[in-house]
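Working notes for the structure below.
In each ligand, atom 1 is the first atom listed, and ligand 1 is the first ligand listed. Residue numbers run from 1 in the order of the sequence given.
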Amino acid sequence: MRDPYGRDVYDLRIQVTGRCNQNCIYCHSEGYSSGCARESFRDLLGVGDIRSVVEAASECGIRRVKITGGEPLLREDLVDVVWAISSTDGIEDISMTTNATLFSDKIVEALHEGGLKRANVSLDSLREEVYEKITRSKRFEAAVNGLIMCAEVFSLVKINMVLLKGLNDGEIWDMFDFARNHGVVLQLIELVDANKGGDVFGEFRVDMDEVEGGLREKAVGYYLREMQGRPKYYFKDGGVIEVVRPMHNSVFCAKCPRIRLTWDGKLKPCLMTNDVIDVSTALKNGASKSELKKLLEVCIAARKPFFSLTVV
Ligand code: SAM
C-alpha cells in the first residue's frame, strides 16, 4: 500500500516487549514512552494477536517484519512469535534487533528454524568499561558471545553501533575490523534525539558528515540502498559499513517504508511522532481481518515524512 506521499509501505517493526535487561543512556524505546519497565502482562500482545495483525498487514502489502523491544529475548514465547510471523502468507523476510546477551546456541537454532533470517546485534563498544557505561549493564561478554553465535547461524548479521561523541566515536575502525573478522556488516547509527533527561543528544551527538567523509576516504565502493536511502560503503578485503542517518534527513524520510506495532497494541506511523492508532481494543473484541486492515489503513494514511514535507 502507498501512503499519501506515494511511499510504498512494506515494512512492519514489531516491539514484542517493552521490558529490557539493559538501560542504554540514549534509548528511544522505539519512540514509545510507555516502553520499558511499564509492561503489564494484561496489555502485552499475545502470539495470536501478533499473528492477526501480521496477517492483516500482509494483505495491506507488508512483506518484511523486524522484531524489536525492549529486549525481544526476554519473551519466553519468542520462538512461537517468530513461527507465527514466518508462517503468514506474504511475509518474505523476518529479522530481529537484539542486544544478544540472552542467546544460547539452542535459542539461536530455534529462531533460525522458525524462520528468522537476519539479526541486528546492538554492540556500541568493544571496550568493556565503555559498553557498561552506555548500556548501564554488565553484559559485555554475553553480548559478544551472542553476536558470535548469530554470525555462525544467520545469513546476515549486522552490528548496530550508535555513535556517541567522546564514548565510542574513536572506535569505528576497531569495530570495523571486528565485524569483518566475524563476517558481519557494521551499521553506524546516528543518535536520534529521544528527549531523554539531561541533554543526551546535545552531549553525545556526532557529526555524521565527518564520519561519512572518513569512510569515503578509505572505501573502494559505494551504494545507496532503497531502504531509507542508507549509504553503504565497501572496503578492500570484504568489509562493509552501512550508515543510518535519520535526523533532519529528508531522503531518509522520503524512502521510509515502515510502520510500527507496540507491545501493547498501538500502531505508529513514524518513530518520531507520538501519534498512535489503537488496535488492542479491536483485538480484545475479536476483530475480523477486515477490521484490522481498516486500522492499518488509517495508520498508513496518517504517515507523513517527519523531516520534510517534500518527497524526494
Ligand atoms: N534491546 C534491543 C537492542 O538492544 O537491539 C532492541 C531494542 S533497541 C531500542 C533497537 C535499536 O535501537 C538498537 O540498535 C539501539 O541501539 C537503537 N536505538 C535506541 N535508541 C536510539 C537512539 N536514541 N538513537 C539511535 N538509535 C537508537
Aromatic plane relationship, Phe154 with Phe103 - under 30° parallel, 30 to 60° tilted, over 60° perpendicular: tilted
Distance-only N or O hit between ligand 1 and Ser122, under 3.5 Å: yes
Any N or O of Leu191 closer than 3.5 Å to N or O of ligand 1: no
Protein residue, atom and distance nearest to atom 9 (C) of ligand 1, heavy-atom basis: Glu30 OE2, 3.4 Å
Single-linkage hydrophobic cluster Tyr10~Val251, side-chain heavy atoms < 4.5 angstrom: no
Common cluster, Val79/Leu74, ILVMFWY with side-chain heavy-atom separation under 4.5 Å: yes
Check: Val192 N/O within less than 3.5 Å of ligand 1 N/O: yes
Numbered atoms and elements of ligand 1 in range of Glu190, under 4.0 angstrom, heavy atoms: 24 (N), 25 (C)
Protein heavy-atom partner closest to atom 11 (C) of ligand 1 - residue, atom, separation in Å: Thr97 CG2, 3.8 Å
Greater than 12 external heavy atoms within 6.0 Å of Glu76's CD: no
Residue Arg13 vicinity, atoms of ligand 1 by number, heavy atom under 4.0 Å: 10 (C)
Nearest non-hydrogen protein atom, atom 26 (N) of ligand 1: Val162 CG2, 3.6 Å
Arg303 and Arg7, any side-chain heavy atoms less than 4.5 Å apart: yes
Heavy-atom check, side chain of Arg2 versus side chain of Val9, under 4.5 Å: no
Parallel, tilted or perpendicular, as decided by the 30° and 60° cut-offs, for the rings of Tyr32 and Trp263: perpendicular
Proximal atoms of ligand 1 relative to Thr68 (non-hydrogen, under 4.0 Å): 6 (C), 7 (C), 10 (C)
Taking atom 6 (C) of ligand 1 as the reference point, the nearest protein heavy atom with its distance: Gly70 O, 3.2 Å
Atoms of ligand 1 close to Asn99 [distance to a heavy atom under 4.0 angstrom, numbered from 1]: 2 (C), 3 (C), 4 (O), 5 (O)
Per-atom contacts of ligand 1 with Asn160, taking only distances under 4.0 Å to non-hydrogen atoms: 14 (O)
Numbering as shown, the atoms of ligand 1 that approach Ile189 to under 4.0 Å (heavy-atom distance): 25 (C), 26 (N)
Ring center gap for Phe235 and Phe176 short of 6.0 angstrom: yes
Any donor-acceptor N or O pair under 3.5 Å, side chains Glu71, Thr98: yes
Minimum side-chain heavy-atom gap Arg51-Ile85 below 4.5 Å: no
For ligand 1, the portion of Asp124 having any non-hydrogen atom under 4.0 Å away: neither
Residue Glu71 vicinity, atoms of ligand 1 by number, heavy atom under 4.0 Å: 1 (N), 2 (C)
Protein contact of atom 22 (C) of ligand 1 - nearest heavy atom, named by residue and atom, plus distance: His28 CD2, 3.5 Å
